[in-house]
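In what follows, a structure is listed as structure tokens, so that the remarks can point back to it.
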Amino acid sequence: MKKTLLLTIVTTLLFGISCTKKDVSNERTLNLTVSSKVKGMDPIYSNDRYSSNEVARVFEGLLEYHYLKRPYTLVPNLAEDMPTVSKDGLTYTFKIKKGVLFHDDPAFPNGKGRELVADDFVYSIKRLADPKLQGLGWWLLDGKIKGLNEWRSKYAELDAVDYNEEVDGLKATDRYTLEFKLTKPFPQFLYSLAMPFTFAVAKEVVTKYGQELLNHPVGTGPFILPRFEQSNKITYTRNKNFREKKYPCEASEELKVKGLLEDCGKKLPLVDKIVVNILIEDQPRWLNFQKGKVDFVAVPKDNFDTAIPDAKNLSPEFKAKGFELLISPSLDVTYTAFNHDLELFKKNKALRQAMSLAFNINDANKLFYNNTALPAQSVIPPGIAGYIENFESPYRGTGKAADLAKAKELLAKAGYPNGKGLPEITYDCPASTVSRQIGEYFRKQMAQIGVNIKVIQNPWPELQKKITNRTVQTYGIAWGADYPDAENFLQLLYGPNRAPGANGSGYDNAEFNRLFKTASVMQNSPERTALYEKLYRIAAEEVPWIYGVHRQSYTLKHAWLKNFVSTDFEAGRASYLNVDLKQKAEAKKKL
Amino acid sequence: MNIYTYIMRRLLYVIPVLLGVCAIVFVLFNLVSPDPTLIMLGKHASVKQMAELRAELGLDRPMLEQYFDIVKSAFTFDFGRSWTTKQEISEMIKAGAIPSLTVTLPAFVFSTILSIAISLLVAFYRGKAIDKVVVFACVALMSISSLAYILFGQYVFAFKLGLFEISGYDAGFPYFIPYVLLPILIIVIISVGPDVRFYRTVVLDEVYQDYVRTARAKGLGEKKILFKHVLKNALIPIITFVVIRIPFLILGALLIESFFSIPGLGGITLNAINSSDFPVIRAMTVLSAVAYIIFTVITDVLYTLVDPRVRLS
């Protein structure tokens with residue numbers, strides 16, 4: 001009896017071990033990983049990069065970023081061409097592509113996906129504005145499309161929303177023509193149309209699935225997901241009815257040299273299947289990559305020195321395994337914000353400048369970013385118009401004795417010689433280990449000039465609440481670009497945007513506000529860039545924040561993964577990626 | 001008292017307990033928890049949209065009305081949808097419970113059997129070298145952080161030696177087995193230290209009782225005394241210890257699920273707490289309370305089965 005039981009257990013275990021589902025087909029499969037749970041597949045709720053990347057595999061928008069052009073350039077996706085814009089900059093007219101089909105789904109007659117029409121965009125954008133749905137991307141369109149805010153306000157009071165009621169600024173003028181009328185010139189409007197919030201959904205699908213839409217994604221995109229389940233894995237298959245969309249044949253000079261045009265003219269998508277593995281922790285992500293179960297991975301901080309010992313080149317051991325390293329700057333900025341509601345900071349520019357000079361950014365870069373980040377001089381990151389190459393802020397602390405001397409001088413000028421009379425200042429940060437370490441570093445740096453800092457850690461929601469309620473004094477945070485325009489960064493210092501808007505520090509400078517207001521409605525032009533640069537200089541001189549760094553992304557990929565480029569806007573990237581199956585089979589033998 | 005009457009009476013205690021749980025959850029949510037609208041809207045939150053969202057979520061209604069909503073959902077088990085993922089909570093729980101149980105249940109069964117067996121063994125050799133070695137080993141096992149076991153196990157056994165899958169989970173039998181073996185092994189190692197110490201104390205409390213001396217005087221062998229008499233008498237504290245832990249198995253093992261990418265309830269609960277997803281927090285709390293009460297009743301009933309002297313009243 002005992003022997004039988006033991007035998008049964010052992011047999012079950014061995015059977016189980018041999019039961020891993022193996023990919024035995026000859027399919028080209030992308031094995032990707034994300035570090036967070038994916039919320040769902042409804043475009044209007046895709047407000048984090050993880051959800052928006054997943055949404056963009058199934059759904060599509062009017063525009064997208066050219067895959068191989070830098071600086072980032074918008075190109076038509078479901079639009080036939082870029083829009084015609086009226087002289088006053090208020091009316092945008094799009095022609096949409098003909099013959100684009102939604103995925104097959106029981107929501108359509110006979111289960112066959114119907115053709116996409118201009119009305120689908122009118123419907124999808126109204127969904128984003130629907131007060132009952134509370135779409136998380138409403139901020140994109142709030143106050144921008146003529147009549148849309150009124151439509152939203154009207155139905156907020158009523159029980160049901162009427163999508164048939166016409167909105168003056170959002171019309172399908174014929175089956176394939178879409179017209180937007182804006183309330184005021186807003187050139188950044190086009191970026192909205194490349195963001196998953198505004199991607200096309202079909203009314204029939206929404207009607208059929210209702211609130212369950214987020215589990216039944218039906219778009220026009222290159223991949224199909226029959227049903228979304230909140231699990232540890234999402235598996236997409238290629239959309240066999242996907243339209244004739246081709247891999248680009250032109251690229252920016254820096255991308256041409258990397259052999260990224262080998263698939264020029266090939267029909268997209270280039271792979272048959274995508275498996276997205278949700279791996280929240282760094283270690284399993286890193287180990288799975290090394291075993292070849294994941295095609296690319298961001299190098300975890302704890303493994304950085306092993307993988308990239310000199311912060312520039314991959315270790316010989318990893319090179320031998322066929323790994324490749326890609327380094328690219330991110331459109332972001334880290335910073336320590338002052339609460340400008342407090343008289344202490346609001347009226348005392350010298351104090352802010354002194355604290356900024358006392359903060360040694362070079363050592364911070366070594367300690368927290370493996371010396372890979374670029375010290376920020378002001379608010380705009382490199383890679384977008386408005387950033388001034390080689391600009392050095394006079395208040396950027398670099399650890400030199402002269403910086404400290406000047407910081408002490410400024411502190412005395414501020415009325416606090418050697419910190420005397422200055423109360424203890426709190427520094428709030430998120431609850432992660434690295435954030436606490438950055439907080440401790442900040443405390444130590446400020447102690448050099450006699451400024452006492454108390455570090456307070458908060459769970460992320462609590463920190464957000466404190467910033468909104470203005471109960472912080474200083475706090476450490478970062479901002480990543482929503483779209484590649486300096487306006488997206490400068491708005492963080494625009495007075496009327498104060499918290500709970502994007503301007504968490506509450507900085508309010510009349511001259512800055514005036515220039516920003518002018519620049520934000522200008523079309524991309526040398527004049528607008530000049531204004532952006534002026535704002536950049538004001539932000540450096542005024543030190544509304546202590547600037548941190550612009551981070552760089554370090555990605556390791558397997559050589560079998562083709563056409564991979566680093567990007568700040570990953571939505572839609574998967575359809576351009578390719579897998580060399582032969583190379584993969586060879587490489588996996590070494591892993 | 002009839003056992004069924006007893007069970008019914010005890011189950012009626014669910015009502016006041018649930019009312020209390022709802023009140024505590026409600027008060028904590030309103031006093032301590034950050035504004036969920038701020039979290040949901042993220043970095044682009046505006047005062048107007050926060051107010052609209054609060055209205056849509058029903059957070060602008062009178063407090064009493066909101067409390068009754070919670071009570072209603074607790075008694076009907078209709079928890080609605082998650083605020084952050086918009087998923088049906090009952091579906092989330094159904095989907096998460098099985099993966100959690102495929103790890104925690106076998107780990108619990110194995111660690112309990114192993115721990116009881118080891119404690120009987122060391123009780124048999126009490127005071128001797130083997131007893132001391134086991135006690136020392138238990139303390140040593142308990143002194144190491146569970147994170148260390150996870151990191152080491154994953155790196156050495158899965159990555160270096162290739163004995164197990166590094167992480168992942170395939171739903172359905174037998175596909176999940178390769179993925180849960182290492183997590184189960186790690187949980188067993190983590191649990192065995194404190195469990196053996198507890199069971200050893202329980203068994204040792206019994207071995208000095210009069211009936212053991214009587215059994216020895218009658219000439220019964222040590223094995224028979226231990227397995228037939230001592231174990232039976234030690235069952236009451238063992239049952240209490242074991243049964244009360246069962247409800248928590250459903251809630252999953254947070255760190256293990258996170259590192260091994262197992263889509264269980266542990267991760268769902270943690271995400272809900274981090275995002276102030278009140279409906280999910282409420283559902284998990286209510287379910288835990290109900291499960292706890294049910295298993296307490298089961299414990300009481302089991303007492304009467306293992307020890308006829310225990311009467312239900």
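To find a chain, count down the sequence lines: A is the first, B the second, and so on, and within it residues start at 1.
Heavy atoms closer than 4.5 Å to chain B are found in both the backbone and the side chain of A:Pro284. Within the 4.5 angstrom heavy-atom criterion, atoms from both the backbone and the side chain of A:Ser231 approach chain B. For B:Leu151, the parts lying under 4.5 angstrom from a heavy atom of chain A are both the backbone and the side chain. When heavy atoms are compared at a cutoff of 4.5 Å, B:Phe176 does not approach chain A at all. At a 4.5 Å heavy-atom cutoff, A:Trp286 makes no contact with chain B through either its backbone or its side chain. Of the two parts of A:Ser35, neither the backbone nor the side chain holds a non-hydrogen atom closer than 4.5 Å to a non-hydrogen atom of chain B.
In terms of non-hydrogen atom pairs under 4.5 Å with chain B, the most contact-rich of A:Glu229, A:Arg152, A:Lys293 is A:Arg152. Interface check for chain B: of the options A:Ile280, A:Leu287, A:Leu136, the most heavy-atom pairs under 4.5 Å are formed by A:Leu287. The choice from B:Glu88, B:Met40, B:Met92, B:Arg81 that makes the most heavy-atom pairs within less than 4.5 Å of chain A is B:Arg81. Annotation: maximal heavy-atom pairing with chain B below 4.5 Å, among A:Asp282, A:Asn288, A:Asn469, occurs at A:Asn288. The residue among B:Met50, B:Glu91, B:Gln154 with the most heavy atom pairs within less than 4.5 Å of chain A is B:Gln154. Across A:Asp48, A:Leu140, A:Asn215, the residue that shares the most heavy-atom pairs under 4.5 angstrom with chain B is A:Asn215.
No cation-pi contact links A:Lys233 to B:Tyr169, judged by a cut-off of 6.0 Å to the six-membered ring centre and 45° from its axis.
B:Thr85 and A:Leu214 make their closest contact through O-CD1, 2.6 Å (heavy atoms, listed as atom of the first residue, atom of the second, distance). Taking each heavy atom of B:Ser258 and A:Glu281 in turn, the nearest pair found is OG-OE2, 2.6 Å. Closest of all the heavy-atom pairs between A:Trp138 and B:Gln49 is CB-NE2, 3.6 Å.
Panel note: side chain B:Glu52, backbone A:Gln134; no donor-acceptor pair is recorded below 3.5 Å. With hydrogens and angles ignored, the 3.5 Å screen pairs no side-chain donor or acceptor of B:Ser261 with any backbone N or O of A:Leu279.
The distance from the CD atom of A:Gln283 to the CZ atom of B:Phe259 is 6.5 Å, given to the nearest 0.5 Å. Atom OG of residue B:Ser167 and atom NZ of residue A:Lys291 lie 12.5 Å apart, to the nearest 0.5 angstrom.
Annotation: A:Tyr209, atom OH; neighbour count of heavy atoms from other residues, nucleotides and ligands within 6.0 Å is above 12. In the displayed structure, B:Lys228 atom NZ is contacted under 6.0 Å by at most 12 heavy atoms of other residues, nucleotides or ligands. For NZ of B:Lys224, the number of neighbouring non-hydrogen atoms (other residues, nucleotides, ligands) closer than 6.0 Å is 12 at most.
Side-chain atoms of A:Asp42 and B:Lys86, non-hydrogen and from C-beta on, never get closer than 4.5 Å to each other.
Side chains of A:Gln230 and B:Gln87: no donor on one and acceptor on the other come within 3.5 Å.
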